[in-house]
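Counting starts at 1 for both ligands and their atoms, following the listed order. It should be emphasised that the depicted structure is a prediction, and the values quoted were computed from it without experimental measurement. Hydrogens, waters and symmetry mates are skipped; everything else that's a heavy atom, side chains included, is used.
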Amino acid sequence: MKVFADTSNVDEIKRLNDLSLIQGVTTNPTLMMKEINEQKKTKQPGDVSHWHEIVVQICEAICKPVSAEVTSTEVGEMVEEGKLLSELNEHVVVKLPCTPDGIHACRVLTQFMDIKVNMTLCFSVAQAVLASNAGAEYISPFVGRMDDYSAGSGVKLVKDIQNAYLNDLSGSRAPKILAASIRNVEHFNQVAEYADVATCPPKVIWDIFNHKLTLSGLEQFNNDWKKTNE
Ligand code: G3P
């Protein structure tokens, strides 16, 4: 399973990428808003980046897939915005919501413009099937939010989508399953069995290393090594 960083913070992305911990990035309007608000605290008004500039900075920093989400909701506007986003950098993957307009825009962008699409806000197998038929590159089931709203198990949704794609005889090329809304390492561990990618907030990625047996084992090895006086 590949690991993407679910953040718009360029410094954090560079840090994770420099350590070879990530193979891509996902952003959304909320994460962009947070990054812009952070920049407003430390920069002069004229130095705060437009969100398109942040997308370019992330792409140039990692040269790996970066999902950038449209803010339009109508199909024609989504297509125009998706085209514009894809022109920012070759690594941009256009993120569209699982709505009728989003599915239609996905079809137009993938079939006629050869632009990669990540269908987001997926909460059912049915939405994942429609995204597959529309030619999406990625489908993003939201694991944590399924759990939040007692809408069923988020991990089971990922498993059910994998099962549907494996059993699909229609000839569609199935999207990669990108498990999103990952809130903790346990989510990560569970989706690893079914997903192609898990996109995680940086904290979850750092938490992977906070296993008490790794930490205590290392401490013991270091202490024992010191006893050799080497
Ligand atoms: O990138 C979308 C998704 O990962 C959002 O997660 O924690 O806001 O539900 P969350």
Side-chain angles (χ1 to χ4, degrees), residues 1-10 12-13 16-17 21-38 51-52 54-55 57-59 61-62 64-73 78 81-82 85 88 91-99 102-103 105-106 116-124 127-128 131 136-159 161-162 175-192 194-208:
M1 182 176 75
K2 289 188 165 41
V3 179
F4 287 8
D6 198 25
T7 178
S8 296
N9 185 289
V10 184
E12 189 80 279
I13 289 166
L16 292 163
N17 191 56
L21 297 178
I22 55 170
Q23 293 78 46
V25 165
T26 53
T27 67
N28 62 38
T30 304
L31 295 171
M32 281 296 171
M33 177 270 291
K34 282 186 189 159
E35 176 61 11
I36 289 166
N37 285 345
E38 279 306 308
W51 78 272
H52 285 186
I54 298 174
V55 171
Q57 288 163 15
I58 297 171
C59 289
I62 66 166
K64 290 168 184 161
V66 175
S67 288
E69 187 159 347
V70 301
T71 53
S72 329
T73 52
M78 282 177 166
E81 196 183 346
L85 288 172
L88 292 176
H91 296 289
V92 167
V93 176
V94 175
K95 212 167 164 189
L96 299 168
C98 282
T99 60
I103 292 286
C106 175
K116 288 185 177 157
V117 170
N118 173 358
M119 291 302 298
T120 190
L121 288 167
C122 171
F123 292 96
S124 69
Q127 291 176 342
E137 179 76 8
Y138 298 97
I139 182 71
S140 291
F142 274 35
V143 174
R145 289 194 198 185
M146 278 287 279
D147 294 349
D148 289 348
Y149 294 100
S150 308
S153 156
V155 173
K156 183 167 182 301
L157 173 62
V158 177
K159 179 183 179 186
I161 292 172
Q162 188 206 42
K176 297 182 184 79
I177 302 173
L178 193 162
S181 189
I182 298 292
R183 302 281 173 69
N184 49 54
V185 180
E186 194 46 36
H187 275 157
F188 185 107
N189 290 340
Q190 290 179 1
V191 300
Y194 315 110
D196 299 288
V197 185
T199 189
C200 309
K203 182 182 179 310
V204 172
I205 300 176
W206 297 122
D207 278 349
I208 291 170

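I139 CD1 to I177 CD1: the interatomic distance, rounded to the nearest 0.5 Å, is 9.0 Å. Rounded to the nearest 0.5 angstrom, N118 CG and L178 CG are separated by 5.5 Å.
Between the side chains of E12 and T7, no donor-acceptor pair is found at a separation under 3.5 Å.
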Note every protein N or O atom lying under 3.5 Å from an N or O atom of ligand 1, pairing the names and giving the distance.
unit_1, atom_1, unit_2, atom_2, d
ligand 1, 1 (O), D6, OD1, 2.8
ligand 1, 1 (O), D6, OD2, 3.2
ligand 1, 1 (O), N28, ND2, 3.3
ligand 1, 1 (O), K95, NZ, 3.4
ligand 1, 4 (O), D6, OD2, 2.5
ligand 1, 4 (O), S181, N, 2.8
ligand 1, 7 (O), R183, NE, 2.9
ligand 1, 7 (O), R183, NH2, 3.4
ligand 1, 8 (O), R145, NH2, 2.8
ligand 1, 9 (O), R145, NE, 2.6
ligand 1, 9 (O), S181, OG, 2.7
ligand 1, 9 (O), R183, NH2, 2.8

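E38 is linked by a salt bridge (charged side-chain N to carboxylate O under 4.0 Å, His left out) to K41, counting only residues two or more places apart in sequence or in another chain. Not counting sequence neighbours, N28 has no partner by the side chain to side chain donor-acceptor pair (under 3.5 Å) test. Under the side chain to side chain contact (heavy atoms under 4.5 Å, CB included) criterion, S150 pairs with no residue at all, not counting sequence neighbours.
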